[in-house]
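Below, all heavy atoms of this structure are taken into account, side chains as well, without hydrogens, waters or symmetry copies.
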Amino acid sequence: MPKKVLVLFIPALCLALSQSLLAQTTTLVNPILTGFYPDPSIVRAGSDYYLVNSTFSYFPGIPVFHSKDLKNWKQIGNVIDRPSQMDFMGERLTRGLFAPAISYYKGTFYVTCTDIDHDGNFVATAKDPAGPWSDPVKVPQVRGIDPSIYFDEATDKAYILYNSDAPDHKPLYSGHRTIRMYEFDYKNMKVAGEEKQLVNGGVDLSKKPVWIEAPHIMKRNDWYYLYAAEGGTSVNHSEVVFRSKDVWGPYVPYENNPILTQKGLPEDRKNPITSAGHAQFVEGPDGKTYAIFLAVRPYEGDYYNTGRETFIAPVEWKDGWPIINPDSKEIKYAYTADFKEVKQKGALPQAGNFSYTLSFDKTLDPSLLFMRTLDKSWYSLSKKDGLTLKLKPETVMEMGHPAFVGKRQQHLHSTAETELNFSPNNAQEKAGLVILQDEEHFYFVSKSLEDGKPVIQLLKSVPKEKRMEVLAQVPLTSKAGKVGIRIASEGDTYRFSYSTNGKDWQVLKDNVDGKFLSTKEAGGFIGCLYGLYATSSGEASGSTASFKYLKYSGDDPMFE
């Protein structure tokens, strides 16, 4: 080899070797957010990623997550975190806030969303996605759901698009909807000009497509891509895409739609993932495109208690069209990506199997949920007692604001445990741990009195009757004192246990029907929560109940 060539070759070889050594891979584990984190929307701002989800009538509303690598996510705040912004009093838990979308432009973050029964569509803004977020600005002309804002940097114009009614409010069939759009004056936070219909029905109106929703627009290589969910947010869920050279259309559908679905796969496949759709694209740290979307992990058929979860998959561009999860019909539980993993300091784990204990000595974790609003007068935090709840007359069976603090069930096989310190004065006073799907579907392990004597009870809600029935009950030796309570989910069953000494656990009742708490049986769009709960069942009370900690663990077979 000539000396000149050798001189050039050695530095090039050293550079290649150094780059090879620096190259790192990351395993993205699905779901990236386990449990009740539906309707995800994502935006990239510089090297940072921010993601939001629906919360329906829970408070605070719309969690905001941050990541550097699309794998490790930390909740940094909530968009609706002040009762003065919005509350959901009188609304069923499965109503409230539907499908937020987050965007970023010129230093400002925008979240659009729909308060389905009260305030309609609105926009909130923040300079810092951790908050504080502005009061919601209503956009009454936007009539529908799932609004998102697209900023066209080339023209410095913004557009708000959304799911709306069929043309002339005359649907040709059930589920016939449209995608419509306004120009959006982002400086004055209002629509401009006239509404225009972009999509009628879906990909092929002759096939009667249903529930075209969750629309987004992105621009790539001078094409405007409009992509949306189709088929409804259940087993027929899918993602479809259209494109146009003009932001106003006409939009032509991709001939190989849908670009994502789990519909039609073998029902007996191992550890199935179903109901995939409601996607949004984002550029990863490696410059490649990824899709964030919702899907579910059923334990049988369409039965699941963990709600709709947030997943990720790679996107391949083929002949100018995006294909989600191109190498497999089935969504995978893990994908390898060619970029560095960046862990988040102080973040609770969100993916795979994990366990942790929440203490209540200083602050409540931002992931914890209240029902409909927040009134800090009924709870307190201390190192000695943990979380102390004042017993309120309100119950979880009503549409008010009970003394309830909830944490999502994030695994099919999970355990939640707490230590309760509570001395009831009468049979109406109850405190303990609840596993709750909605107002009419829950189980409650409660310490109370029966005939003046202390008992531990397992109560089950009776749908449509606003009452509970006793499934199991055992006496306790003392009205005063502490008791441990543990609830374990095992797919389609739950086990309820208690301990009087913190060491030895007694089974209160095992093999309790879990399908009763499934979304399929309860209806609606939410997932189960483990809740610390205290009530005086409609009567005034001066009693309190203290919860020392909340310990959670999940151990699902697909992550082993």
In terms of ring plane angle, is the pair [X] and [Y] parallel, tilted or perpendicular, where the classes change at 30° and 60°?
X: Phe59; Y: Phe88; value: tilted
X: Tyr104; Y: Phe109; value: tilted
X: Tyr150; Y: Tyr159; value: parallel
X: Phe354; Y: Tyr552; value: tilted
X: His237; Y: His278; value: tilted

Can a donor-acceptor pair be found between the side chains of [X] and [Y] at a distance below 3.5 Å?
X: Thr535; Y: Thr395; answer: no
X: Gln344; Y: His66; answer: yes
X: Gln428; Y: Ser536; answer: no
X: Asn305; Y: Tyr299; answer: yes
X: Ser275; Y: Arg308; answer: no
X: Tyr303; Y: Glu521; answer: no
X: Lys430; Y: Gln457; answer: yes
X: Asn121; Y: Thr114; answer: yes
X: Tyr50; Y: Ser67; answer: no
X: Tyr37; Y: Arg408; answer: yes

(message) Could you tell me if Lys460 sits above the aromatic ring of Phe516, with its cationic atom closer than 6.0 Å to the ring centre and no more than 45 degrees from the axis?
(response) yes
(request) Would you kindly check if the NZ (Lys) or CZ (Arg) of Arg486 is within the cone defined by 45 degrees around the ring axis of Trp505 and under 6.0 Å from the six-membered ring centre? (result) yes
Side-chain donor or acceptor of [X] paired with backbone N/O of [Y] under 3.5 Å:
X: Gln437; Y: Leu517; result: yes
X: Ser489; Y: Leu412; result: yes
X: Asp438; Y: His441; result: yes
X: Thr493; Y: Asp513; result: no
X: Asp146; Y: Ala99; result: no
X: Thr94; Y: Phe525; result: yes
X: Gln85; Y: Ser134; result: yes
X: Thr373; Y: Pro83; result: no
X: Thr34; Y: Ala351; result: no
X: Arg44; Y: Val282; result: no

(request) Mind running salt bridge (charged side-chain N to carboxylate O under 4.0 Å, His left out) on Arg372 and Glu439 for me, showing each step along the way? (result) CA-CA 12 Å; Arg372 301 179 184 87; Glu439 298 90 345; 2.6 Å; yes
Sidechain N-carboxylate O distance under 4.0 Å for [X], [Y]:
X: Arg82; Y: Asp135; value: yes
X: Asp385; Y: Lys548; value: no
X: Asp492; Y: Lys515; value: no

(request) Please test Thr310 against Phe293 for side-chain contact (heavy atoms from CB on, under 4.5 Å), starting from the C-alpha separation and ending with a verdict. (result) CA-CA 6 Å; Thr310 297; Phe293 55 93; over 6 Å; no
(message) Which residue is it: Leu508, Val445, Val512? I am looking for the one with a side chain to side chain contact (heavy atoms under 4.5 Å, CB included) to Ile487.
(response) Val445
(request) Taking all non-hydrogen atoms of both residues into account, name the closest pair between Met86 and Pro136 and its distance. (result) CE-CG, 3.9 Å
(message) Restricting to non-hydrogen atoms, name the atom on Gln409 and the atom on Ser414 that form the minimum distance, rounded to 0.1 Å.
(response) CG-OG, 3.6 Å
(message) Does Arg467, at its CZ atom, have more than 12 non-hydrogen atoms belonging to other residues, nucleotides or ligands within less than 6.0 Å?
(response) yes
(message) Does Lys482 have more than 12 heavy atoms from other residues, nucleotides or ligands lying within 6.0 Å of its NZ?
(response) no
(request) Determine, stepwise, if the pair Asp375 / His401 fulfils side-chain contact (heavy atoms from CB on, under 4.5 Å). (result) CA-CA 8 Å; Asp375 175 1; His401 180 51; 3.9 Å; yes
Between atom [atom1] of [X] and atom [atom2] of [Y], what is the distance when rounded to the nearest 0.5 Å?
X: Phe311; Y: Ile32; atom1: CZ; atom2: CD1; result: 9.5 Å
X: Gln280; Y: Ile292; atom1: CD; atom2: CD1; result: 9.0 Å
X: Thr55; Y: Leu97; atom1: OG1; atom2: CG; result: 5.0 Å

Donor-acceptor contacts under 3.5 Å from residues 355-365 side chains, at least two apart:
residue	atom	partner	partner atom	Å
Tyr356	OH	Lys407	NZ	3.2
Asp365	OD2	Ser367	N	3.0
Asp365	OD2	Ser367	OG	2.6

(message) side chain to side chain donor-acceptor pair (under 3.5 Å), that's the test. Do Glu429 and Ser541 meet it? Break it down for me.
(response) CA-CA 8 Å; Glu429 295 189 345; Ser541 172; 2.7 Å; yes
(request) Could you go through the side-chain contact (heavy atoms from CB on, under 4.5 Å) check for Val191 and Val139 one step at a time? (result) CA-CA 7 Å; Val191 301; Val139 192; 3.5 Å; yes
(message) Working note: Arg297 + Asp556, criterion salt bridge (charged side-chain N to carboxylate O under 4.0 Å, His left out); need CA distance, chi angles, decisive distance, verdict.
(response) CA-CA 11 Å; Arg297 294 179 294 140; Asp556 282 346; 2.8 Å; yes
(message) With a 4.5 Å cut-off on side-chain heavy atoms, are Asp555 and Thr415 touching?
(response) no
(request) Apply salt bridge (charged side-chain N to carboxylate O under 4.0 Å, His left out) to the pair Arg495 and Glu490, showing each step before the final yes or no. (result) CA-CA 8 Å; Arg495 181 174 63 256; Glu490 296 179 350; 2.6 Å; yes
(request) Check the pair Ser54 / Asp39 against side chain to side chain donor-acceptor pair (under 3.5 Å), numbers first and verdict last. (result) CA-CA 6 Å; Ser54 295; Asp39 306 327; 2.6 Å; yes
Distance flag, aromatic centroids of [Y] and [X], threshold under 6.0 Å:
X: Phe370; Y: Trp378; answer: yes
X: Phe444; Y: Tyr533; answer: yes
X: Tyr186; Y: Phe151; answer: yes

(request) List the steps, then state whether side-chain contact (heavy atoms from CB on, under 4.5 Å) holds for Leu476 with Lys447. (result) CA-CA 9 Å; Leu476 295 173; Lys447 183 178 180 183; 4.0 Å; yes
(request) Dump the intermediate steps for side chain to side chain donor-acceptor pair (under 3.5 Å) on Ser47 and Lys68, then the final yes or no. (result) CA-CA 6 Å; Ser47 61; Lys68 287 280 191 180; 3.2 Å; yes
